[in-house]
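Proteins get letters first, then strands, A, B, ... in listed order; numbering begins at 1 in each. What you see below is based on every heavy atom in this structure, not just the backbone, and it leaves out hydrogens, waters and symmetry mates.
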Number of protein chains: 2
Amino acid sequence: MSIQDYINSLDERSRQVLFAVIESYIHKPEPVGSRFVTKKYPMGFSPATIRNIMADLEELGLLTQPHTSAGRVPTDRGYRYYVDSLLKPESSVPRDPYAEMMRDFARRIDAIKNDLTVLFHEVTDTLSQMSNYVGVVLPPKPAKTVFSRIDLMKYRDGNVVALLLMDDGVIRNKVIKVDPELTQDDLNRIAEYLNGEFHGKTLDEMTEMLVRLMHDEKALWDKMISRAIEVCNQTLRFSGEDLYVSGLYDAMDLPDFSDINRIRQLSRAIKDKHTILRLLDEFANTEGVHVVIGRESSASELQNLSIVASSYRDGGRPAGVVALIGPTRMDYSKAIVMVDTVAHCISQAFDEHR
Amino acid sequence: MSIQDYINSLDERSRQVLFAVIESYIHKPEPVGSRFVTKKYPMGFSPATIRNIMADLEELGLLTQPHTSAGRVPTDRGYRYYVDSLLKPESSVPRDPYAEMMRDFARRIDAIKNDLTVLFHEVTDTLSQMSNYVGVVLPPKPAKTVFSRIDLMKYRDGNVVALLLMDDGVIRNKVIKVDPELTQDDLNRIAEYLNGEFHGKTLDEMTEMLVRLMHDEKALWDKMISRAIEVCNQTLRFSGEDLYVSGLYDAMDLPDFSDINRIRQLSRAIKDKHTILRLLDEFANTEGVHVVIGRESSASELQNLSIVASSYRDGGRPAGVVALIGPTRMDYSKAIVMVDTVAHCISQAFDEHR
DNA sequence: CATTAGCACTCACCTCTACTGAGTGCTAAC
DNA sequence: GTTAGCACTCAGTAGAGGTGAGTGCTAATG
């Protein structure tokens, strides 16, 4: 019988004690003693009994002691058990306290769902304000979004403004350089050609087509086409995938970040976004709420941090991810409800949208 | 004779000592003792003499002691004197070490000067990376920029994408809601009308005109005009003035921010941008580099912070501001050179641009 | 008369010690 | 199986003493 098996077969008493320790510690970040448990979570046993149980839980790696004569503190594995086995009956999580906020939220995002940038900023702001953790949104992969149209307008010098509209609302404008000889009429013809060519394609397909076109003979003798390819090529050169983040400032006030190094760690994790990006990306095609606790993610940047994430859907299919990043000592039940609800709100907003 | 007069008439010795203390303290944030000064900045006096001079400087409020038996530390007033009287002969500031970087910088911004958003991000990034302070850019007041053209494109549902081009490169796109009956042809006519009406106007003048138009009789019977007004009204509703900021993460590594409260203070100052915005705004119409040290700005948020700022010009006239925000214990000479040089680079990029 | 050597003094900082109290593990009794 | 009792551990605090960097003052010096 492996440790995992032992953990899975915890008896009710042990579960109660573990639950008590974790809830208490989440409420107030101080090691929890046996006497304290008997007082605040009375279950008819003396401190000595609780001590025995706690010792068992420590042996299983669910709790640990900061030092010999201190109370117990949950380990990452402890939180994991808490999240998986103690919170799972989701009905027990009280959604009501947030219902009001969420109705309000749903109303607000309804008004701005046309502009994804504004929408996602609103989402991260709301998430972080409500939770005091760091709110994150992974926007839909632009590569998977469907081309709607491109417009080209002459600007100053030899510059042209390219406006790229995608079907789901991702709008991008970019100043590109072209042959200054081109007139607006030329540009219109180029845009028209591109609109026809790329109609209904995803960005991925577009770039693929572009590569093919560039080797096509037709492009060699038709100047207009070769120019169109050039324009398109410039426009599609993206600023890379981005991530909406907010709430670092509020999170800094959490007791978990009273240590300067913890703050640095958190901000570093947020600063070079690709760690988080890679992690969230894994959830982009899944359903439901996921929780990653501390070292569970192999990324060392996230050692003392946990992530609660859920994908949201656009037209039934998973599109992007919303998440909360906080300390491992996180109010998981609260965070899970929030992330879940917000994800649903977004999915719903998208659905009404089409 | 006021204290200020005494300060202005410091003799050479005192100036030398003050200079030594401040330079040393900027180099390493530890109280500077008399013995240390005689060793590292030999000027032919014994520690005792230096002590007497230091006592005088303290009486004038230029230095202070953290506690009785510690060395001296500069006060805000001390830094002020240092900046005004000891650094002013600008020729003494060595520009060379940065010359290389700056050439590089000039080349880089040359490539992106068409897109102000990208440009300003690049500027704050460069400033903060080179200095380890927080780089800030106040973009040109959109209200003062000159209208170039507006384009309207039908999007999904009853939505329209409005693309607003301004003469200096501020480009803004916005999804607005209009009467779904409007065809693309209608939109084109509306845009044409607006382009004619607003040609060469600033945003300020545009809003003004808009108010006037809305009370004009013509608007009442010409449906096209009234729609145009509506569209324009929606488009001009801005997301408010913004501020480009970057470098908080790097600044956190400065010893000045090893105290958690200092970090919180700094991030709070950056978070609600309007304090900084108001401060920088004062410099928007001035020339040259300005330095605000600690409490000199009445804003309590900036107590332990200093700002080195300079306006940059667009077409000869001051347009916006670049700045560095750091601890009062800042390397002012370095910061001043950087801000000054960067401001010049931007001005130059704009000039070549027209 | 400016400068300096000498000296007493101050005070942050470090270390050592002792004490306290919260909490534990173990064992024997219930 | 549960619990009372007890010895033990250890972080945290407070006080005492020593150290050293630095000062202010005064009297001697050139």
Just N and O in the side chain of [X]: are any of them under 4.0 Å from OP1 or OP2 of [N]?
X	N	answer
A:S69	C:dG23	no
A:R51	D:dA4	no
B:T49	C:dT3	no

**OP:** Please name the residue in the list B:R268, B:R264, B:K271 that meets the salt bridge (Lys or Arg N to Asp or Glu O under 4.0 Å) test with A:D250.
**Re:**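 Only one of B:R268, B:R264, B:K271 forms a salt bridge (Lys or Arg N to Asp or Glu O under 4.0 Å) with A:D250, namely B:K271.
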Interatomic distance where [atom1] belongs to [X] and [atom2] belongs to [N] [whole Å]:
X	N	atom1	atom2	result
A:H67	C:dG21	NE2	P	16 Å
B:F45	D:dG30	CZ	C1'	15 Å
A:D56	C:dT24	CG	P	14 Å
B:E59	D:dT23	CD	C1'	15 Å
A:Q65	D:dC8	CD	P	18 Å
A:E58	C:dT24	CD	P	10 Å
B:L63	D:dG24	CG	C1'	16 Å
A:M54	D:dT3	CE	P	15 Å

Distance-only side-chain donor-acceptor flag, [X] / [Y], under 3.5 Å:
X	Y	value
A:Y81	A:R15	yes
B:S14	B:D11	yes
B:S24	B:Y41	no
A:S246	A:D125	yes

Subject >> Nearest-nucleotide 5' precedence on DNA chain C, A:P31 against A:N52 >> reply: A:P31
Original post:
C:dA5, D:dA4, D:dG24: which one has an atom nearest the side-chain heavy atoms of B:R72?
Top reply: D:dG24
**OP:** Spell out yes or no: do the side chain of B:R35 and the base of D:dG22 have one donor N/O and one acceptor N/O closer than 3.5 Å?
**Re:**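 Not at all, since no donor on one side and acceptor on the other fall under 3.5 Å apart.
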**OP:** Check every strand shown and say whether A:T68 touches a base, only sugar-phosphate, or nothing at a heavy-atom separation below 4.0 Å.
**Re:** sugar-phosphate
